[in-house]
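First up is the structure itself, then whatever we jot down about it.
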Amino acid sequence: MTMTTAPVTPVPVQAPVVPASGALRPLGLDESRITGGLWAEKQSVNAAATLGHIGRRLESEGWLPNFDLAAAGSLPEGRRGREFADSEVYKWFEALAWEIGRGGSDELEQVFRAAVARVAAAQEADGYLNTMFGREGQRPRWSDLEWGHELYCAGHLLQAAVARARTRPGSDDGLLEVAIRVADLVVREFGPDGRDAICGHAEIELGLAELGRVTGDDRYTAQAKLFVDRHGAHTLRDIEHGRGYYQDDVPVREAQALRGHAVRANYLSASAVDVAVDTADAELLAALEGQWARTVARRTYITGGQGARHSDEAFGEDWELPSDRAYSETCAGIGSIMFAWRLLLATGEARYADLIERTLYNVLATSVADDGRAFFYSNPLQQRIEGSVPDPDETVGRAATSLRAPWFSVSCCPTNIGRTLASLGAYAATTTDDGVQLHQFAPGEIRTTTGSGARVALTVSTAYPADGEIRVRVDEPGDYEIALRVPAWAEGATLDELPVEPGYARVRGAWSPGDEVVLVLPVAPRVTVPDPRIDAVRGAVAIERGPEVWALESIDLGADVGGAALVPGSVRADGGGIVAEFVVRDGSAAEWPYGSAQPATGERRTAALVPYRRWGNRGSATMRVFLPLAH
């Protein structure tokens with residue numbers, strides 16, 4: 001008698017990015033869990049407060065009810081929000097899907113299903129789904145590819161469906177089916193025989209690439225590649241900011257650095273890595289690595305923030321990094337993490353995880369308030385005037401507040417934060433055939449299997465970044481390699497008391513339960529000098545400790561920070577904090593503010609610094625990261 005067995009369907013990896021190949025394999029939320037410290041606290045607040053706050057504002061702003069109007073056939077009457085308002089609903093869906101996968105909340109499951117049903121009811125027979133275009137009284141479909149964001153919205157819908165498919169495979173809520181119908185329409189409309197066009201805001205490429213991975217349908221991968229390849233062909237109208245604003249000036253593989261609108265640029269670059277990996281395009285991947293390197297070296301703030309210009313939310317030229325006019329949009333930081341994470345998976349190089357860490361601590365963690373209900377849209381490195389606390393019920397302009405605001409008329413950042421925090425565990429570690437790699441350090445648990453079949457069970461204990469010790473305990477026997485990232489700034493690091501260089505410190509063993517590996521990173525305060533070609537901060541310095549950038553606030557100085565100069569050699573650790581001495585110039589002004597160099601004179605004060613991510617939490621203040629020196 002011959003026995004037959006049904007094929008085993010592999011359990012999907014519960015992660016935002018699951019490439020077809022690469023140097024590293026991502027871990028899912030069920031394999032890598034953050035259990036304590038700053039990021040566990042942020043995830044808890046995100047689940048308990050931020051996601052509900054977003055849902056209430058989507059309702060009160062009318063952005064979710066727009067779908068009810070569409071289903072009832074009453075649009076455009078009563079529609080509210082910008083042309084991309086649909087996308088915020090989809091990013092919220094994605095955040096809910098990751099959080100449900102992470103924590104299994106029955107309450108969030110009910111919220112998710114009810115909202116998905118409202119959106120699904122608005123889908124048209126041919127798959128089209130958008131509340132801004134296509135109905136009587138509205139502009140025709142695809143009539144404003146420069147600014148209409150139809151494909152952008154569709155891309156976020158696809159990403160939400162991917163999150164749901166990976167965390168609750170086979171769910172009957174219908175979101176994946178809705179997304180597939182949208183994707184099929186996009187392939188018909190914009191495939192090789194369709195419209196030769198792209199969207200003015202890259203995002204559809206990301207959604208298609210991951211949907212192709214989830215469904216195994218190569219048409220979606222091919223369409224993502226087609227969209228990426230079309231960038232630079234001048235299919236979009238020229239605008240005041242130039243075609244570089246939406247990366248339609250030169251082909252992706254010919255660009256020298258990221259340019260134009262910083263979120264668009266990062267989303268496109270991230271999707272281009274997806275395409276390069278899944279189509280084995282080594283030339284494209286190498287081009288993207290080069291663009292990333294130049295962008296980090298010349299167009300990125302010390303915080304990891306990107307985007308120097310308010311006028312077009314864009315990168316500046318090389319070395320154009322003003323502190324007080326830094327746009328450094330929260331969404332651009334999240335886009336940068338998406339780009340760097342894909343390059344890390346593809347290459348295994350530590351420099352990508354270094355930038356992710358810097359951006360997590362100094363952009364993502366900075367943006368969201370402690371209570372999870374207010375946000376920075378832009379993240380300047382100097383605040384010249386004290387702001388006012390926004391009305392908690394008010395909707396404000398993008399960068400129109402110097403303190404965190406509860407909601408914006410363009411509210412892409414809160415939903416982006418929600419989905420990133422909910423899925424953050426998937427960015428902490430990876431595996432290979434040889435072992436497991438720890439890229440981000442937080443208390444947590446790793447339960448996975450290497451490519452060669454070795455069972456891995458680890459517990460990570462650390463107070464990082466307040467303390468530099470990362471202790472990894474083995475919980476089950478196994479034979480594999482443990483690799484821990486040593487950041488580029490961590491000169492003098494040790495692994496099991498032996499010196500290790502920046503990169504990855506690796507140790508292989510036949511492990512027994514209770515075995516430990518201990519990495520110690522030096523987290524003493526350090527004074528960082530910017531490249532002199534960054535003329536906006538020439539002659540000033542910044543203070544860093546571990547992965548965190550620190551700032552001076554007027555609350556601690558007792559005076560406007562604009563008149564403060566750092567006394568060289570005065571920076572020192574003070575318990576878990578940092579203090580330094582400053583010369584505070586008085587408020588008087590000379591008749592002419594130019595002349596020969598003079599030493600800074602004024603009152604000397606000792607003041608504490610705060611992690612940049614904490615600034616603005618105690619009320620209105622002036623603030624600066626780069627501090628001029630008192631000579």
Side-chain angles (χ1 to χ4, degrees), residues 17-20 83-84 86-87 90 122-130 132-134 139-162 165 175-237 243 246-254 264 267-281 283-285 288 342:
V17 185
V18 186
E83 59 276 14
F84 38 72
D86 293 2
S87 71
Y90 302 149
Q123 188 168 35
E124 299 184 36
D126 66 350
Y128 186 79
L129 181 56
N130 190 282
M132 186 71 179
F133 293 86
R139 288 175 289 173
R141 298 179 184 182
W142 324 121
S143 59
D144 186 7
L145 290 172
E146 287 79 12
W147 302 107
H149 288 74
E150 288 167 275
L151 289 169
Y152 169 84
C153 290
H156 278 301
L157 173 64
L158 303 191
Q159 284 191 300
V162 165
L175 183 59
L176 181 60
E177 290 73 21
V178 168
I180 287 173
R181 289 194 291 272
V182 169
D184 288 346
L185 175 65
V186 170
V187 171
R188 292 196 302 272
E189 289 286 333
F190 294 92
D193 300 324
R195 300 169 185 261
D196 183 11
I198 60 174
C199 183
H201 196 313
E203 164 60 26
I204 184 63
E205 301 87 348
L206 285 163
L208 285 166
E210 289 300 333
L211 186 66
R213 292 165 174 172
V214 161
T215 63
D217 193 328
D218 292 340
R219 293 179 304 137
Y220 305 142
T221 306
Q223 187 63 47
K225 180 181 187 305
L226 190 58
F227 278 136
V228 168
D229 288 343
R230 282 176 180 167
H231 276 266
H234 296 191
T235 64
L236 299 175
R237 292 191 299 268
R243 288 194 178 92
Y246 30 52
Q247 297 77 47
D248 194 31
D249 51 340
V250 297
V252 171
R253 65 184 68 236
E254 295 178 15
R264 286 168 164 84
Y267 281 13
L268 176 62
S269 299
S271 65
V273 177
D274 288 335
V275 167
V277 168
D278 286 3
T279 63
D281 190 335
E283 178 188 23
L284 176 57
L285 183 61
L288 292 162
R342 286 162 170 81

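None of the values given here were measured: they were computed from a predicted structure. Numbers for residues simply follow the sequence, beginning at 1.
Looking at R243, its side chain does come within 3.5 Å of a backbone N or O of L236 through a donor-acceptor pair. Judged purely by atom type and a 3.5 angstrom limit, H149 uses its side chain to pair as donor or acceptor with the backbone of W147. Judged by distance alone, the side chain of H234 and the main-chain N or O of D249 form a donor-acceptor pair under 3.5 Å. With Q123 contributing its side chain and V178 its backbone, the two residues share a donor-acceptor pair below 3.5 Å.
At a threshold of 4.0 Å, the pair E283-R253 counts as salt-bridged, since one of the basic side-chain nitrogens sits closer than that to a carboxylate oxygen. Ion pairing between a basic and an acidic side chain is recognised when a charged N comes within 4.0 Å of a carboxylate O; D281 and K225 show no such pairing. Between E124 and R141, at least one side-chain nitrogen of the basic residue sits less than 4.0 Å from a carboxylate oxygen of the acidic one, meeting the salt-bridge criterion. The pair R213-D274 meets the salt-bridge criterion, with a side-chain N (NZ, NE, NH1 or NH2) lying under 4.0 Å from an Asp/Glu carboxylate O.
Using the six-membered ring where Trp is involved, H201 and Y152 have ring planes that are tilted, between 30° and 60° apart. Aromatic ring orientation, W142 versus F190: perpendicular (interplanar angle above 60°, classes split at 30° and 60°).
The minimum heavy-atom distance linking A272 with L284 is given by the pair O-CD2, 3.6 Å. Across every non-hydrogen atom of Y90 and A160, the tightest pair is O-CB, 3.4 Å. A pairwise comparison of heavy atoms in Y128 and N130 identifies OH-CB, 3.5 Å as the closest pair. Considering all non-hydrogen atoms of both residues, E146 and Y246 come closest at CG-OH, 3.6 Å. Contact detail for A179 and L158: the closest heavy-atom pair is O-CD2, 3.3 Å. V277 and A20 get closest at one heavy-atom pair: CG1-N, 4.4 Å.
One distance of note links CZ of R264 with CD of E203; it measures 11.5 Å at 0.5 Å rounding. Between atom CD of residue E254 and atom NE2 of residue H231 there is a gap of 14.5 Å, rounded to the nearest 0.5 Å. Separating the CD1 atom in I204 from the CG atom in L211 is a distance of 9.0 Å, to the nearest 0.5 Å. Distance CD1/I180 to CG/D217: 8.0 Å, rounded to 0.5 Å.
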- [ ] Decide side-chain contact (heavy atoms from CB on, under 4.5 Å) for V186 and Y220; before the verdict, give the C-alpha distance in whole Å, the side-chain angles of both, and the deciding distance to 0.1 Å.
- [x] CA-CA 9 Å; V186 170; Y220 305 142; over 6 Å; no
Applying side-chain contact (heavy atoms from CB on, under 4.5 Å) to L285 and V273, what does each step give before you reach the verdict?
CA-CA 6 Å; L285 183 61; V273 177; 4.2 Å; yes
message: Could you walk me through whether D248 and R237 satisfy the salt bridge (Lys or Arg N to Asp or Glu O under 4.0 Å) test, starting with their C-alpha distance in whole Å, then the side-chain angles of each, then the deciding distance to 0.1 Å, before giving a yes or no?
response: CA-CA 9 Å; D248 194 31; R237 292 191 299 268; over 6 Å; no
**Message:** Walk me through whether E205 and V275 qualify under side-chain contact (heavy atoms from CB on, under 4.5 Å).
**Reply:** CA-CA 9 Å; E205 301 87 348; V275 167; over 6 Å; no
As a quick check of understanding, evaluate side-chain contact (heavy atoms from CB on, under 4.5 Å) for F84 and H156, giving each step before the final call.
CA-CA 10 Å; F84 38 72; H156 278 301; over 6 Å; no
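The shortest side-chain heavy-atom distance between E210 and V214 does not fall under the 4.5 Å cut-off. In this structure the side chain of L288 never reaches within 4.5 angstrom of the side chain of R342, judged on heavy atoms. Proximity of Q247 to I198: side-chain heavy atoms (C-beta onward) are nowhere separated by under 4.5 Å. Using a 4.5 Å heavy-atom threshold, the side chains of D86 and M132 count as separate. A heavy-atom distance below 4.5 Å is found between the side chains of R219 and D184.
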